[in-house]
Amino acid sequence: MRRKSLTETKPDFRKLPQEFYTRDVLDVAPDLIGKNLIVRMNDNTCRSFQLTEVEAYRGEDDKACHASKGRTERTSVMFGIGGHLYVYLIYGMYWMLNIVTGEKDNPQAVLLRGAQGINGPGKLTRELGIDRSFYGENLVTSTRIWLEDSGQRLDYKTGPRIGIDYAGEYWKSVPWRFYI
DNA sequence: TCAGTGATTAGG
DNA sequence: CTAATCACTGAG
């Protein structure tokens, strides 16, 4: 019987590499559909969540993107290289989990809106135990959160992004929401 | 439809 | 310091 290759036996052989994130957000966002988000819980067990819904926020021109108001302390991680987490609190209750993409000084991120069995970005982070402490986390080197290829390529739909009425007609209408 | 909830931000 | 805003959720 054929011996498994080294890469096949390594436990993290499916982990998405830096190159996955260092691309334009409009390429990364649809590629995230069907990927598995792995989180190490407080009891040290790992849980896997297959992503079903994401949204792209792209650059300083995009009026819906937090980076459109310029660099602030909160948004600074978006101005760095892709592969880090942008986490912030909204409405005093819900943590939003975003994956920074692209090259340095080109602020972009993907909002994770849902996973299999979980609809809604606030419910997703509550289920995963995401909070402030995950801000800036590196998905390539972290031992408590990362992404893996599921080996599946799933069909997805596109549509306008949710909850950005303030962004104006054009940015409200661009189909940068990707979902199963 | 609408209140809850508190960090973040711009402005004085 | 103040006050407005907000990439949401759940109850009615």
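Throughout, a chain's letter reflects where its sequence line sits, starting with A, and its residues are numbered from 1.
For Tyr94(A), counting side-chain heavy atoms from C-beta on, the closest listed nucleotide (dA7(C), dC8(C), dA7(B)) is dC8(C). Comparing dC8(C), dG10(C), dA7(C) by their closest approach to the side chain of Arg126(A) singles out dG10(C). Residue Asn98(A) places its side chain closer to dA7(C) than to any other of dC8(C), dT9(B), dA7(C). Closest to the Lys123(A) side chain, of the nucleotides dT9(C), dT8(B), dC6(C), is dT9(C).
For dA3(B), the paired base is dT9(C) (Watson-Crick or G-U wobble, both distances below 3.5 Å).
What separates CG of Asp165(A) from C1' of dT5(C) is a distance of 13 Å, to the nearest Å. The NE2 atom of His66(A) sits 12 Å away from the P atom of dA10(B) (whole-angstrom rounding). What separates CE of Met93(A) from P of dA7(B) is a distance of 12 Å, to the nearest Å. Taking atom CD on Glu55(A) and atom P on dA7(C), their separation rounds to 11 Å, with Å as the unit.
With hydrophobic clusters built from ILVMFWY side chains whose heavy atoms lie under 4.5 angstrom apart, Leu51(A) shares a cluster with Phe134(A). Taken together through direct or relayed side-chain contacts under 4.5 Å among Ile, Leu, Val, Met, Phe, Trp and Tyr, Phe79(A) and Ile81(A) form parts of separate hydrophobic clusters.
Taking a centre distance below 5.5 Å and an interplanar angle below 30 degrees as the stacking criterion, Tyr91(A) does not stack against the six-membered base ring of dG6(B).
In this model, the phosphate group of dT9(B) is approached by a side-chain N or O of Arg74(A) to a distance below 4.0 Å at OP1 or OP2.
Asn98(A) pairs in a side-chain contact (heavy atoms from CB on, under 4.5 Å) with only one of the listed residues (Leu112(A), Leu85(A), Leu111(A)), which is Leu111(A).
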